[in-house]
Amino acid sequence: MNLEGLNPEQKQAVTQVDGPLLVLAGAGSGKTRVLTHRIAYLIEEKDICPWNILALTFTNKAAREMRERVDGLVLRGADAVWIFTFHGFCARLLSREGGHLGFEKALTIFDDADTQSLIGRIIRDLELNDRVYTKRMLAGIFSDAKNNALSPAAYLQETGQPRQVLDAFALYQKRLRQCNAADFDDLLHLTLKLFAENPEVLAAYQEKFQYILVDEYQDTNLIQYRILELLAQRHRNLFVVGDDDQSIYGWRGADIRNILEFEKDFPGAGVIRLERNYRSTAAILKAANAVIENNTGRKGKTLRAHKGGGKPVSVHEAEDERAEAIYICNQIANAVRAGARYDAFAILYRTHVQSRILEMYLQGYSIPYRVYGGISFFARAEVKDVLAYLRLIYNSSDNEAFLRIVNVPKRAIGPAAIAALTASAERRDLPLLAAAMEPDDLPPAFAAKFKKFTALLEEAFVGFATRKLSDFTSELLLAIGYDAYLREYESERYESRTETVQELIGYMQEFEQNYEEGDPAVLQDFLTNVALFSNTDQMDEKQGVVSLMTLHAAKGLEFSRLFLCGLEDGLFPSERSRYDRDKLEEERRLCYVGFTRAMDELTLTYARRRMMYGRISDCMPSMFLKEARFQIPDSRFQTPIPFNGTSRAPSPTYTAAGASPRPTPPVVRETDFTVGEKVRHKVFGLGQVISLDGSGTTRLVQIRFSDGQIKKFAAAYAPIDRVES
DNA sequence: ACACTGTGAGTTTTT
DNA sequence: CTCACAGTGT
């Protein structure tokens, strides 16, 4: 096998295949090259069976790339190597071995939106104070708990969480189980549990994976570490690549300790440093090195430039964020006039909100751009709607999916009906769909609605087994009248929504090509694939446009000419990290990541004043500028390119479903009831008026229903009719 | 049932 | 400022 193109350190990292090995790979030092060559080397030179090799990454994109590149290096077998994201690997394992944990079939994976809505209902059901206990906060705590190797409940107890949090967590877990579902953290947590409780299962995989390779090791969390530790125990061939200086996901549970203590955790481990940088100019690396040197507790590593000196890194001070945007636009427009391509440029920022003003001016200057991040394709309302129907077919216990589509398209099934159904399901210990199919214990009006709904589903689900998934889905949408729904309630966005649905069907068609027709695994695999798909996975570089993204999203990418904007104290580093050393160091690593994305030119900008939260605040330059040893210059003026002034603030492309339903005029009804009169409520059935209050449209009517329930309604709006006796 | 209003909060988000 | 969401009024 040809290893000619590798430098000595890379070559060693590729060929030293036995025992634990840590490769500290600086930015732009060719780590993907090392990983892929090592896999190829194992197959071609060491005669290792591809299926005895496991390679783990964090993103689908990285996994895909790795497989493609390995495929280009070996004669055969690239598709047999186990190349997965951590979560994808765990999902696969659980789907194969979940029986040992008592799962009858593969779990449905809940994404963040599912999780959030589940937690929202828990807050309501437990009557928690939603000022104190927000969805976001609870989701964070639950995630933290699961990413700790202790049992989550024990961890919560230990960290002194109040009873409300413990209760909420218990209920959260209970409901996930009821739905036969797992959240992202569960995938990891349950895998560890599987291994811990089933030594024979563990032993089989320990035996299988003779060689394990891990990308971005600095981003692993404690659970991932434990899984690796177990898997590598037998053969001890654990190869990890990472860069402690690029650890920027600590706030999401990544434990930098894993990489810092690798040699202690795996005695006898070798360490190789890749410090030759093939990406950036010396000038850029000098600034990057100068910044990162201010961190403590590093493995220690200094990037050496392979390229020549390059243009000095420049700093620009702008009056405010608009002037900053104008400056950047001018720079780009001038460079393009001088022959540069738009796609040579990228603009990075600390927070998404900063993109708004940049977009506005880019539009004004007619500079084509694309913002990365934001709402993922699979998070769009219409996509989630369609997927919810499919999820319900695959897993009829998926209450989250049920709740999403029970009234989409609109079927006049409102909160009251859903509350009644939920209560009934709880009583009978049934999933919502099953309860809806036998709604006899519900008020007749509700029962009728649910019967109609489930009959429709049953009809729409016919033929699932005999058709291609894409064809089936098209017919399903027709059967439920989804298109008509979009036309009626999303009329302004109808075009874009139907386009998205078509795109989804197209994606499905592509997906099912990898399967024999009629293979029943398609749906499960499709749903897993979709759940584990993220917005960064579609980050195929768009040609001919400027890229905008957060610093986090930029990790792993490179751009010829880079702008890093908003280098102000309190914005970057962020206000919240300023007085916490660990957090500040993570911000500094983020800065380092940012600088090292630039290949040829790096421009740093900051504003003296910035509008934030509707307030104009004075800003100080970021401490990172000082650390990079810049003299802050006076603002310089460029020859301005006329601003054509036609821009307006970009409107968000997508909003949640039902965000803009067509207003329907309220139906004003008869308010002229008398006490004692018999009435029928559309939903609650027969009853008797027991009191009246107010007049006209504010008239309230109190009714005692036949089951003894007493309710109050706005007489003019409630669906109540007089019953002649 | 539905629309409107008022309030409060507001980084980063590989799966 | 600007979004999301719970509460309120018709």
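Naming convention: chains lettered A, B, ... in sequence-line order (proteins, then strands); numbering from 1 in each chain. Every value quoted in this text rests on a predicted model; they were computed, and no experiment measured them.
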| A/Y133 OH to B/dG8 P: how many Å, rounded? | 19 Å
| query | How about A/L188 and A/F86: do any of their side-chain heavy atoms sit closer than 4.5 Å? | reply | yes
| note | Here the distance between atom C1' of B/dG10 and atom CD of A/Q354, to the nearest Å, is 14 Å
| message | Could you check whether A/H87 and A/F58 have their ring centres less than 6.0 Å apart? | response | no
| message | Heavy atoms from C-beta onward define the side chain here; which of B/dT13, C/dC3, C/dC5 lies closest to that of A/R136? | response | B/dT13
| Nucleotide B/dT12, atom C1' - distance to CG of A/L590 in whole Å | 7 Å
| request: Would you indicate what A/D112 reaches in the nucleic acid, counting non-hydrogen atoms under 4.0 angstrom: base, sugar-phosphate, or nothing? | output: base
| message | Using the side-chain heavy atoms of A/R350, tell me which of these nucleotides is nearest: B/dT14, B/dT11, C/dC5. | response | B/dT11
| Under 3.5 Å side-chain donor-acceptor pair for A/S143 and A/D185 | yes
| request: Take atom CG of A/N129 and atom C1' of B/dG8, then tell me their distance rounded to the nearest Å. | output: 13 Å
| message | Taking 4.0 Å as the cut-off, does a side-chain nitrogen or oxygen of A/T550 come that near to OP1 or OP2 on B/dT13? | response | yes
| query | A/E586 near the nucleic acid: base, sugar-phosphate alone, or nothing, with a heavy-atom cut-off under 4.0 Å? | reply | nothing
| field | B/dT14 phosphate, OP1 or OP2, under 4.0 Å from A/Y372 side-chain N/O | value | no
| note | side chain to side chain contact (heavy atoms under 4.5 Å, CB included) filter on A/A113, not counting sequence neighbours, yields A/D111, A/K384
| request: Starting at atom CE of A/M360, determine the distance to atom C1' of C/dT2, rounded to an integer number of angstrom. | output: 15 Å
| request: Identify whether any heavy atom of A/R124 sits under 4.0 Å from a base atom; if not, whether one sits that close to sugar-phosphate; answer base, sugar-phosphate or nothing. | output: nothing
| Any residue of residues 243-251 of chain A with a heavy atom less than 4.0 Å from an atom of DNA chain B | A/Y249, A/W251
| request: Identify, with sequence neighbours excluded, every residue that meets salt bridge (Lys or Arg N to Asp or Glu O under 4.0 Å) alongside A/D183. | output: A/K146
| query | Under 4.0 angstrom, heavy atoms only, what part of the nucleic acid is A/T351 near: base, sugar-phosphate, or nothing? | reply | sugar-phosphate
| task | Would you mind reading off the distance between A/I119 atom CD1 and C/dA4 atom C1', rounded to a whole angstrom? | result | 17 Å
| request: Between B/dT14, C/dC5, B/dT11, spot the one nearest the side chain of A/E587, thanks. | output: B/dT11
| Does A/N529 have any side chain to side chain contact (heavy atoms under 4.5 Å, CB included) partners at least two apart in sequence or in another chain, and if so, which? | A/Y507, A/F511, A/F533
| Between A/D580 (CG) and B/dT11 (P), how many Å, whole number? | 17 Å
| message | The criterion is ring pair (Phe, Tyr, Trp, His ring centres under 6.0 Å); which residues satisfy it with A/Y133, sequence neighbours excluded? | response | none
| Can you tell me how far C1' of B/dA3 sits from NZ of A/K410, to the nearest Å? | 12 Å
| Along DNA chain B (nearest heavy atom to each residue), the more 5'-positioned of A/R576 and A/I413 | A/I413
| side chain to side chain donor-acceptor pair (under 3.5 Å) with A/R576: which residues, sequence neighbours excluded? | none
| request: Starting from the 5' end of DNA chain B, give me the residue, A/K583 or A/L187, whose nearest nucleotide shows up first. | output: A/K583
| Are OP1 or OP2 of B/dG10 and a side-chain N or O of A/H352 less than 4.0 angstrom apart? | no
